[in-house]
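Counting convention: from 1, in listed order, for ligands and their atoms alike.
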Amino acid sequence: MRLRNITGSREVIGESRFVIHEPKELRGKWQERFGNTNPIRIEIGMGKGKFLHTLAKQNPSVNYIGIEKYSSVLLRAIQKSEEEELPNLLFIRMDAEELPTVFDKGEVDRIYLNFSDPWPKDRHAKRRLPSQQFLNRYDVVLRQEGRLEFKTDNRELFDFAVEELAKAGWKAEKITYDLHNDADMCEGNVMTEYEEKFSAMGNPICKYIIYR
Ligand code: SAM
């Protein structure tokens, strides 16, 4: 997935109208940027962007923002938008650590984490996107009634995430350890690139929806 060195990816991103280049300037003004008062939903670590593109197409009255750290992966999402432009889908290339400088308090309606990098070494636990440290950042930008959804096939990462949510003062609304065989939670499920790959290999997919 980390196609970090695709020649010219930074240049393409730099010129793309689908990418917000100075996101901090839009803090508190994201709805204005979209030109409506629709809710803002973000995916962090969106990779090639299939999940968010599908959601944006299905839900024109929701604004979506994809956040991705690596240019070379973001490039794929931009290519998808070039092929089929959606007015309610934008991208930011940044590290999710910067979230509170880019979104105002409560500005985000929902957060999606899909197949986040596991960072298996203990000393890297803080880098995991469902860690307490990241939950504290999400706590700032997510509206009080907002929800965070996380999917992964990595059972160790998921168990870690479930432990962390309680420590950070969040509560689970729904949890499944086999999403694709859970009729309630799977209703309307949009598969990500990683989800397609790992479920095809027979891996069960874990998912939680959490709130404070
Ligand atoms: N969500 C996609 C999917 O399910 O197919 C991609 C999953 S991929 C394993 C994880 C993605 O998260 C990578 O593209 C990686 O660059 C991105 N990522 C990891 N840590 C990040 C961070 N701190 N901020 C932004 N993106 C991050």
task = Please indicate whether Glu187 has more than 12 foreign heavy atoms, meaning atoms of other residues, nucleotides or ligands, lying under 6.0 Å from its CD.
result = no

Any ion pair linking [Y] and [X] (charged N to carboxylate O, less than 4.0 Å)?
{"X": "Lys80", "Y": "Glu193", "value": "yes"}
{"X": "Asp184", "Y": "Lys174", "value": "yes"}
{"X": "Lys48", "Y": "Glu68", "value": "no"}

Of the listed options ([options]), which comes nearest to [atom] when hydrogens are ignored and any heavy atom counts?
{"atom": "atom 10 (C) of ligand 1", "options": "Asp153, Asp117, Asn154, Leu52", "answer": "Asp117"}
{"atom": "atom 27 (C) of ligand 1", "options": "Lys69, Met46, Glu196", "answer": "Lys69"}
{"atom": "atom 5 (O) of ligand 1", "options": "Trp119, Tyr194, Phe198, Tyr112", "answer": "Tyr194"}

Near [X], which atoms of ligand 1 are under 4.0 Å from a heavy atom of that residue?
{"X": "Tyr70", "value": "16 (O)"}
{"X": "Thr192", "value": "3 (C), 4 (O), 5 (O)"}
{"X": "Glu193", "value": "5 (O)"}
{"X": "Phe115", "value": "4 (O), 7 (C), 8 (S), 9 (C), 10 (C)"}
{"X": "Asn114", "value": "1 (N), 2 (C), 4 (O), 7 (C)"}

Compute the shortest N/O to N/O distance between [X] and ligand 1 and return yes if it is under 3.5 Å, no if not.
{"X": "Glu195", "result": "no"}
{"X": "Glu68", "result": "yes"}
{"X": "Gly45", "result": "yes"}
{"X": "Phe134", "result": "no"}
{"X": "Glu97", "result": "no"}

request  = Could you walk me through whether Asn136 and Asp139 pass the side-chain hydrogen bond (donor to acceptor under 3.5 Å, both in side chains) test, one step at a time?
outcome  = CA-CA 5 Å; Asn136 291 339; Asp139 183 42; over 6 Å; no

message = Using the side-chain contact (heavy atoms from CB on, under 4.5 Å) criterion, which residues pair with Asp122? Sequence neighbours excluded.
response = Arg128

ask   = Touching ligand 1 at all, Leu129? Heavy atoms, strictly under 4.0 Å?
value =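 Heavy atoms of Leu129 do come under 4.0 Å of ligand 1.
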
query = Quick check: does any side chain N or O of Asn59 sit under 3.5 Å from a backbone N or O of Ser61, one acting as donor and the other as acceptor?
reply =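 Answer holds: no.
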
note = From the list His124, Lys167, Arg137, Glu164, side chain to side chain contact (heavy atoms under 4.5 Å, CB included) partner of Ser131 resolves to Glu164

ask   = Between Glu43 and ligand 1, which residue portion shows a heavy-atom distance shorter than 4.0 Å: side chain, backbone, both, or neither?
value = side chain

inquiry  = Tell me the contacting part of Met94 for ligand 1: side chain, backbone, both, or neither, using a 4.0 Å heavy-atom threshold, strictly below.
reply    = backbone

query = Please, which pairs that meet salt bridge (Lys or Arg N to Asp or Glu O under 4.0 Å) have at least one residue in residues 32-42, sequence neighbours excluded?
reply =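 Found Arg41-Asp109.
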
ask   = Are Phe91 and Phe18 near enough that their ring centres are under 6.0 Å apart?
value = no

